[in-house]
Amino acid sequence: GAVVSQHPSRVICKSGTSVKIECRSLDFQATTMFWYRQFPKQSLMLMATSNEGSKATYEQGVEKDKFLINHASLTLSTLTVTSAHPEDSSFYICSARDGTGGFSPLHFGNGTRLTVT
Amino acid sequence: KQEVTQIPAALSVPEGENLVLNCSFTDSAIYNLQWFRQDPGKGLTSLLLIQSSQREQTSGRLNASLDKSSGRSTLYIAASQPGDSATYLCAVRFISGGYNKLIFGAGTRLAVHP
């Protein structure tokens with residue numbers, strides 16, 4: 001079955017530094033990937049839609065200059081949290097669409113636990 | 001605004017019980033609806049995907065139904081086991097905005113005790 005690999009699974013960084021999270025589709029090409037954030041005991045909130053070869057589309061309230069998204073190839077999207085602050089500590093999950101169109105399934109990575117000290 | 005609501009927020013049952021988790025959504029123009037399982041601190045495992053043209057999907061002890069016109073879906077778990085303890089998330093793919101995205105409910109935290 002389709003697999004999405006997310007790396008790293010856990011990262012601890014100091015306030016003010018930047019952290020990059022990678023999301024790879026291992027056995028399919030993904031023209032569209034999605035980045036979600038989940039705070040403790042809350043559901044997943046969509047942050048942005050990453051489109052291969054074009055700019056990402058950000059949801060309302062998400063700072064595009066803080067959360068940089070690069071979808072450089074059909075199998076890789078990266079999320080960089082710039083100048084991280086403790087309030088950015090959260091669980092970040094990516095997903096990738098296997099195929100095109102609204103009926104194609106989404107597959108999720110295992111998430112990245114970010115802790116900013 | 002497109003919203004997905006799950007009831008109950010938490011559920012604790014003894015092993016062996018059959019149970020129903022509920023999901024409702026505000027816009028009937030959807031591509032599909034998906035049920036996921038999430039274990040603490042982990043990613044998501046897809047359980048069932050129901051396309052908008054379908055009424056239900058079954059996988060083992062799990063059965064999910066979809067009533068698009070009323071904006072409701074249920075996840076039925078038969079003969080629950082302690083290993084079923086997890087958070088169950090309902091997510092809807094709405095048709096709107098020029099691109100489609102998955103909107104999640106807040107989840108139902110299930111605890112099955114021996």
Side-chain angles (χ1 to χ4, degrees), chain A residues 1-10 21 23 31-52 54-62 89-115, chain B residues 1-7 9-10 21 23 25 27 29-54 57 59 64 66 68 86-111:
Chain A
V3 176
V4 174
S5 174
Q6 190 172 337
H7 181 80
S9 59
R10 290 179 177 271
I21 303 170
C23 180
T31 55
T32 305
M33 292 185 175
F34 302 88
W35 287 96
Y36 290 83
R37 178 169 53 185
Q38 185 180 35
F39 291 106
K41 295 189 177 180
Q42 295 186 26
S43 190
L44 281 75
M45 298 299 295
L46 180 66
M47 298 175 64
T49 302
S50 171
N51 301 297
E52 188 269 335
S54 64
K55 291 183 179 180
T57 304
Y58 290 82
E59 295 300 302
Q60 191 173 7
V62 178
S89 299
S90 186
F91 193 57
Y92 293 85
I93 306 178
C94 72
S95 69
R97 182 186 301 157
D98 183 5
T100 59
F103 297 99
S104 52
L106 285 176
H107 304 281
F108 284 79
N110 284 329
T112 297
R113 172 73 60 192
L114 171 63
T115 303
Chain B
K1 183 181 176 183
Q2 295 162 335
E3 294 182 346
V4 178
T5 303
Q6 290 187 248
I7 295 173
L21 309 182
C23 173
F25 47 95
D27 183 354
I30 68 171
Y31 278 116
N32 51 46
L33 181 147
Q34 217 166 339
W35 283 93
F36 294 89
R37 169 186 173 136
Q38 184 177 31
D39 292 287
K42 303 290 185 181
L44 304 181
T45 300
S46 180
L47 298 174
L48 291 164
L49 168 68
I50 310 178
Q51 301 292 357
S52 62
S53 59
Q54 298 174 326
Q57 284 287 324
S59 176
L66 174 64
K68 194 174 61 172
T87 296
Y88 290 82
L89 297 169
C90 168
V92 178
R93 185 92 64 87
F94 292 101
I95 305 170
S96 68
Y99 65 91
N100 50 80
K101 59 190 180 185
L102 214 56
I103 304 296
F104 282 83
T108 293
R109 291 188 303 281
L110 172 65

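Just so you know, these numbers use all the heavy atoms, side chains as well, and skip hydrogens, waters and symmetry mates. Keep in mind the model is a prediction, meaning the values are calculated, not measured.
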Point to revise | side-chain contact (heavy atoms from CB on, under 4.5 Å) against A:Ser90, all qualifying residues, sequence neighbours excluded | key: A:Arg37, A:Phe39, A:Tyr92
Check your understanding: Side chain, backbone, both or neither: which part of B:Gln6 has a heavy atom under 4.5 Å from chain A?
Key -> neither
**Study point:** Any residue meeting side-chain hydrogen bond (donor to acceptor under 3.5 Å, both in side chains) with A:Thr112, in chain and number order, not counting sequence neighbours
**Key:** A:Gln6
Check your understanding: Considering only heavy atoms, which portion of B:Leu89 lies under 4.5 Å from any heavy atom of chain A: side chain, backbone, both, or neither?
Key -> side chain
Practice item. Please flag which part of A:Leu44 lies under 4.5 Å from any non-hydrogen atom of chain B: side chain, backbone, both or neither. Key: both
Check your understanding: Ring centroid separation for A:Tyr36 and A:Phe91, is it under 6.0 angstrom?
Key -> no
Check your understanding: Just by distance, with hydrogens left out, do B:Gln38 and A:Gln38 show a side-chain donor and acceptor under 3.5 Å apart?
Key -> yes
Revision key, fill the gap. Most contact-rich option vs chain A, by heavy-atom pairs under 4.5 angstrom, among B:Ser46, B:Ala9, B:Gly105, is B:Gly105
